Q: 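Shown below is the structure under consideration.
Excluded from the calculations below are hydrogen atoms, water molecules and symmetry mates; all remaining heavy atoms, backbone and side chain alike, are included. Treat the numbers as computed from the prediction; the structure is a model and nothing was measured.
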Amino acid sequence: MQTNEETPKLVLINREHFLCKILTQQKPSPSVLISHIYSSISFHLIQNPPIMAVFTFEDQTTSPVAPATLYKALVKDADDIVPKAVDSFKSVEIVEGNGGPGTIKKISFLEDGETKFVLHKIEGIDEANLGYSYSIVGGVALPDTAEKITLDTKLSDGPNGGSVVKLSIKYHSKGDAPPNEEELKTGKAKSDALFKVIEAYLVANA
């Protein structure tokens with residue numbers, strides 16, 4: 001007696017109608033079936049990458065410190081000056097790279113009696129135009145909802161020999177939800193406070 005039982009000819013695995021063929025002449029072995037499944041998953045991820053939204057925020061401030069001096073302190077000599085200017089900073093360590101773009105730094109500091117750290121990745125250095133870009137890629141300053149937070153800084157001449165500091169912040173979310181407003185406010189307050197401490201150090205040691 002003939003049976004109607006046979007394995008499926010086609011398996012539809014996503015909305016783009018990618019078809020994974022399974023032979024009907026004989027039931028596939030577990031290894032063949034697993035291979036088809038993993039191939040299907042890989043194709044689905046390539047065609048439908050995880051959603052990652054980017055939220056951009058702009059900010060601007062001024063400083064009495066000249067642009068070249070401020071840039072040197074914040075970028076070129078930051079590893080030496082920041083620990084001197086900020087008592088809570090313990091160390092700056094290069095964990096990957098040679099100091100240029102792609103370099104990742106581990107910055108350790110004390111907060112609430114505990115040693116914490118953040119990971120900074122240098123994205124770009126434009127000394128001729130006083131530009132600098134880095135991303136927060138790990139540590140306590142990176143929320144669970146963020147893949148990374150990129151900060152693009154540009155210095156220019158300001159009033160009375162000082163500087164104008166333009167800052168563009170790009171929040172790369174792991175999903176499509178916007179960043180938490182309170183976390184943004186807290187992060188900005190800490191960043192502003194750090195900038196003012198370094199600024200005061202430069203003025204005092206001019």
Q: Going hydrophobic residue to hydrophobic residue with side-chain gaps under 4.5 angstrom, can you get from Val86 over to Ile107?
A: yes
Q: Quick check for you: to the nearest 0.5 Å, what is the distance between Ser191 atom OG and Asp59 atom CG?
A: 8.5 Å
Q: Can you list everything that forms a salt bridge (Lys or Arg N to Asp or Glu O under 4.0 Å) with Lys121? Sequence neighbours excluded, please.
A: none
Q: Is the count of non-hydrogen atoms from other residues, nucleotides or ligands lying under 6.0 Å from Asn205 atom CG greater than 12?
A: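 Yes, CG of Asn205 has more than 12 neighbouring heavy atoms, counting only those of other groups under 6.0 Å.
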Q: So Ser133 and Thr150, do their side chains get closer than 4.5 Å, heavy atoms only?
A: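 When only atoms from C-beta onward are counted, Ser133 and Thr150 do touch, with a gap below 4.5 Å.
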Q: Out of curiosity, does Val92 fall in the hydrophobic cluster containing Ile104 (side-chain heavy atoms, cut-off under 4.5 Å, transitive links)?
A: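 No, it is not one cluster - the side chains of Ile104 and Val92 are not joined through contacts under 4.5 Å.
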Q: Atom OG1 of Thr69 and atom CD of Glu199: how far apart are they, to the nearest 0.5 Å?
A: 12.0 Å
Q: Over all heavy atoms of both residues, which pair between Phe55 and Pro178 is shortest? Give the atoms and the distance, please.
A: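 Where Phe55 meets Pro178 most closely, the heavy atoms are CZ-CA, 3.4 Å.
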Q: To the nearest 0.5 Å, how far apart are OG1 in Thr186 and CD in Glu181?
A: 10.5 Å
Q: When you compare the side chain of Ile125 with that of Lys76, does any pair of heavy atoms fall below 4.5 Å?
A: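 They are not in contact (no side-chain heavy atoms under 4.5 Å apart), so the answer is no.
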Q: Going by ring pair (Phe, Tyr, Trp, His ring centres under 6.0 Å), name the pairs with one or both residues in residues 116-139, residues two or more places apart or in two chains.
A: His120-Tyr134, Tyr132-Tyr134
Q: Quick check: is Ile94 connected to Ile81 through a chain of hydrophobic side chains (ILVMFWY, heavy atoms under 4.5 Å apart)?
A: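 No, it is not one cluster - the side chains of Ile81 and Ile94 are not joined through contacts under 4.5 Å.
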Q: Are more than 12 heavy atoms, taken from residues, nucleotides or ligands other than Lys116, located less than 6.0 Å from that residue's NZ atom?
A: yes
Q: Within the distance-only criterion (no hydrogens, no angle test), does the side chain of Lys90 pair as donor or acceptor with the backbone N or O of Leu110 below 3.5 angstrom?
A: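 A pair under 3.5 Å: no.
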Q: Can you give the donor-acceptor pairs under 3.5 Å from side chains of residues 154-170 to other protein atoms, not counting sequence neighbours?
A:
from	atom 1	to	atom 2	distance (Å)
Ser163	OG	Val65	O	2.5
Ser168	OG	Glu58	OE2	3.3
Lys170	NZ	Asp152	OD2	3.2

Q: Treating Ile, Leu, Val, Met, Phe, Trp and Tyr as nodes and any side-chain heavy-atom pair under 4.5 angstrom as an edge, say whether Tyr171 and Leu151 lie in one connected cluster.
A: yes
Q: Can you tell me how far apart CD1 (Ile198) and CG (Leu70) are? Round to the nearest 0.5 Å.
A: 8.5 Å
Q: If we check side chain to side chain contact (heavy atoms under 4.5 Å, CB included) with Phe109, which of these qualifies: Val140, Thr115, Leu194?
A: Val140
Q: Side chain to side chain contact (heavy atoms under 4.5 Å, CB included) between Ile149 and Phe57: does it pass, once the steps are laid out?
A: CA-CA 11 Å; Ile149 301 173; Phe57 307 89; over 6 Å; no
Q: Taking the basic N atoms (NZ, or NE/NH1/NH2) and the acidic carboxylate oxygens, is any pair closer than 4.0 Å for Lys196 and Asp192?
A: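 Judged by the 4.0 Å cut-off on N to carboxylate O distance, Lys196 and Asp192 do not form a salt bridge.
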Q: How about Glu111: does its CD atom have over 12 heavy atoms from other parts shown lying under 6.0 Å from it?
A: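 For Glu111, atom CD is crowded (more than 12 foreign heavy atoms under 6.0 Å).
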Q: Do the side chain of Asn98 and the main chain of Gly100 share a donor and acceptor less than 3.5 angstrom apart?
A: yes
Q: What distance do Asn180 atom CG and Lys185 atom NZ have between them, rounded to the nearest 0.5 Å?
A: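 Answer for the CG-NZ pair, Asn180 versus Lys185, is 10.0 Å.
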Q: To the nearest 0.5 Å, tell me how far Asp77 CG sits from Leu202 CG.
A: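 Rounded to the nearest 0.5 Å, the CG-CG separation comes out at 9.5 Å.
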Q: State plainly whether one hydrophobic cluster holds both Val75 and Leu130, where clusters connect Ile, Leu, Val, Met, Phe, Trp and Tyr through side-chain heavy atoms under 4.5 angstrom apart.
A: yes
